[in-house]
Amino acid sequence: MDSEVIELTFTFDKEVGWIGFGLSEAVGLGMTGSDIVVHETESKKIMDMYVEGHLKPVLDDCQSSRQDWTGSSYVLQGKHIVKLERAII
């Protein structure tokens, strides 16, 4: 059985320094336990991160084995496009 995938596409008129997006299962806990992806525009680096509370996100421990988030970025007709995806586990 194939797993379901979340696919996100962000389009910007100009280059941004970074973009972040997070998901959380916990209702009423805010950012605590959120799975976060951060994309650095200049380096095109995608970082799989998490956060515990209202703190700065840190790299997810699974970085060495696999990333939950994958994606790409490119410029098309002057628009900066970031595409991200993650399996729903």
Side-chain angles (χ1 to χ4, degrees):
M1 181 169 99
D2 292 334
S3 63
E4 293 183 54
V5 175
I6 298 169
E7 296 177 336
L8 304 170
T9 301
F10 299 93
T11 304
F12 302 94
D13 290 331
K14 62 180 184 173
E15 186 173 305
V16 294
W18 60 273
I19 182 170
F21 183 83
L23 300 170
S24 177
E25 292 182 50
V27 176
L29 294 178
M31 292 176 56
T32 302
S34 294
D35 184 30
I36 296 174
V37 61
V38 174
H39 176 271
E40 290 180 344
T41 308
E42 188 173 322
S43 68
K44 298 189 184 308
K45 187 174 184 180
I46 295 171
M47 294 172 286
D48 185 9
M49 306 180 91
Y50 73 97
V51 68
E52 292 296 333
H54 293 280
L55 304 168
K56 182 179 176 180
V58 294
L59 285 176
D60 201 329
D61 292 341
C62 72
Q63 289 289 320
S64 60
S65 59
R66 68 173 177 82
Q67 279 198 189
D68 291 332
W69 291 95
T70 60
S72 62
S73 64
Y74 54 93
V75 178
L76 179 65
Q77 298 176 344
K79 303 284 186 183
H80 295 265
I81 300 165
V82 177
K83 292 189 172 200
L84 302 167
E85 65 179 44
R86 179 194 192 283
I88 300 172
I89 302 172

Sub-4.5 Å side-chain heavy-atom contact between [X] and [Y]:
{"X": "Val58", "Y": "Tyr50", "result": "yes"}
{"X": "Leu59", "Y": "Met49", "result": "yes"}
{"X": "Phe21", "Y": "Ile19", "result": "no"}
{"X": "Ile6", "Y": "Leu23", "result": "yes"}
{"X": "Asp60", "Y": "Asp35", "result": "yes"}
{"X": "Ile46", "Y": "Thr70", "result": "no"}

same_hphob_cluster(Val82, Leu8) at 4.5 Å side-chain heavy-atom cutoff: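 Linked, Val82 and Leu8 end up in one cluster.
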Same cluster for Val16 and Phe10 if Ile/Leu/Val/Met/Phe/Trp/Tyr side chains link at under 4.5 Å?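 Same cluster.
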Heavy-atom closest contact (Ile36 atom, Pro57 atom, distance):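 Looking at all heavy atoms of both residues, the closest pair is CD1-CG, 4.1 Å.
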Nearest heavy-atom pair of Asp68 and Asp48: which atoms, and what distance?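 Closest approach of Asp68 to Asp48, heavy atoms only: N-OD2, 2.9 Å.
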Atom CZ in Arg86, atom CH2 in Trp69: separation rounded to 0.5 Å?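 That separation rounds to 6.5 Å.
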Could you grab the distance from atom OG of Ser73 to atom CD of Glu42, nearest 0.5 Å is fine?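 Between atom OG of Ser73 and atom CD of Glu42 there are 11.5 Å.
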Is the number of heavy atoms from other residues, nucleotides or ligands under 6.0 Å of Lys45 NZ greater than 12?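 Atom NZ in Lys45 is not packed in, count stays at 12 or less.
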Would Thr41 and His80 count as a side-chain hydrogen bond (donor to acceptor under 3.5 Å, both in side chains) here? Give the steps. CA-CA 9 Å; Thr41 308; His80 295 265; over 6 Å; no
